[in-house]
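Below is one structure; the comments refer to it alone.
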Amino acid sequence: MVTIHPKLSNELSQTVVSSTKSVKLKIKRSNPNVNSDEKFDEFVVPIEKWTTVLDSLLDVKSYLDHSVGIRYSCRQASCGSCGMKINGKLGLACFTKISELDSDTVTVEPMDNYPVVRDLVVNFDRMINNHKKIMPYVIREDSEIDAESGVREFLQSPKNVEKYIQFSNCIKCGLCNSACPTMAMDKSFVGPQALAQAYRYIADDRDKGKNKRLKIIDESHGIWRCHFAGSCSQVCPKGVDPAMGIQLLRGYLLGIRD
Amino acid sequence: MERETGAREGLKGWLHPGKIGKFGIERLAWLLMRLTGLGLLAYFIGHIYETSHILDGKAVWDKSLEMTQTTEGHLFLALVIGMCVFHTGNGIRLLIAQMGYGIGKAERPDYPYKPQSINMKGKACIYATLGMAALAMWYGMAVMFT
């Protein structure tokens, strides 16, 4: 059944000629807590040039079906909450304009390679656990805060910042893990997100935890399971390029890089 | 409790044609690398089995060789040649890339973000490898069928 947005249905009933465009939004619905059924619900929603997929989903939630399950927060591609498959392509709902999709129908589905919680919401436990596993923080024995000399900083040159700044853009949206073909088959693979973050901290010259991290990723389901399909980099909405980080990370294990 | 089924795409994540359309030639190269690797492994096992017939005498050996002297046998061997050339060529590309060469340099990214590791050099290498595999298959068939 297709549910039509009140703004559009009012216009239809009053036979007012409107310039408002509309699209059919197909949302994949499922609730594994109740049963294993999956279906697509269809909604007709108004759009403007600037309407994002997230705007339309919120429109559906506000006016047509409050029960649609989505996760979102910042609405500006900073929090990494609203990753999903949009017309089969992975992306952030808040960062994807409907007018740019060039389609009268927009199909939204939850990301692949994650357990579905409900509708478009997936469980990030595996990704977050792997992220924590690689110790995503600067490891030092000394402290930035020295009681005797007062507060000081671990100084770093702009040149050294450039070595890892790209990888620190990661917003943990999970799109890279969803695109990765190894993640599709290997339930223990650490994943491109965590590996790129391992590189981010190893390349940081303030960090002294290189050997600890290399030991964590140098195992049978670690870095060697990446075969450079590059799909992770193609879907990253922040330009992190995890595939590059992983290949550079290998350099440390192969002895090419110090 | 979250549904565990569907938590991984499984083989669909590898073989779905839509994936190649959306992720491009690099994803195709990745898939062909897996398939040719499995194909060559199967050929290797079959080859050991076939050549082991030499222990059963000349008559049995000659008979086992006849299997590859048919049109189907020639086409199969041409496929093996193609798999071998692609797997070798693409393997060298991956070896170089995985050592950190030809994948760009880490730097502050600017919008619109274009991943440096997915670049024209890599794409050209993949197309060249596919071309070499096709050429080797064509040459192999030319030799076998004349």
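Bear in mind the structure is a predicted one, so any value in this text is a computation, not a measurement. Lettering of chains follows the sequences in order, A, B, ..., and the numbering in each one begins at 1.
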Could you tell me which portion of [X] (side chain, backbone, both or neither) has an atom closer than 4.5 angstrom to a non-hydrogen atom of chain A?
| X | answer |
| --- | --- |
| B/A29 | neither |
| B/L11 | both |
| B/L94 | side chain |
| B/K114 | neither |

Tell me, side chain or backbone of [X] under 4.5 Å from chain B's heavy atoms, or both, or neither?
| X | value |
| --- | --- |
| A/K187 | both |
| A/M185 | both |
| A/N87 | backbone |
| A/C226 | backbone |

| request: Using the six-membered ring wherever Trp is involved, compare the ring planes of B/Y113 and B/Y111 and label them parallel, tilted or perpendicular (cut-offs 30° and 60°). | output: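 Judged by the thresholds at 30° and 60°, the geometry between B/Y113 and B/Y111 is perpendicular.
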| request: May I ask you to name which of A/E162, A/K163, A/R118 has the most heavy-atom pairs under 4.5 Å with chain B? | output: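 Most heavy-atom pairs under 4.5 Å with chain B: A/E162.
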| task | Mind ranking B/E26, B/K105, B/K22, B/M33 by heavy-atom pairs under 4.5 Å with chain A and telling me who comes out on top? | result |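 The residue among B/E26, B/K105, B/K22, B/M33 with the greatest pair count is B/K22.
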| said: Looking only at the aromatic ring of each residue, does the gap between the centers of A/Y199 and A/Y164 stay below 6.0 angstrom? | reply: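 Distance test on ring centres: not under 6.0 Å, no.
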| request: Find out whether A/P237 and A/C173 are in side-chain contact, i.e. whether some heavy atom of one side chain is under 4.5 Å from a heavy atom of the other. | output: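 A side-chain contact under 4.5 Å exists here.
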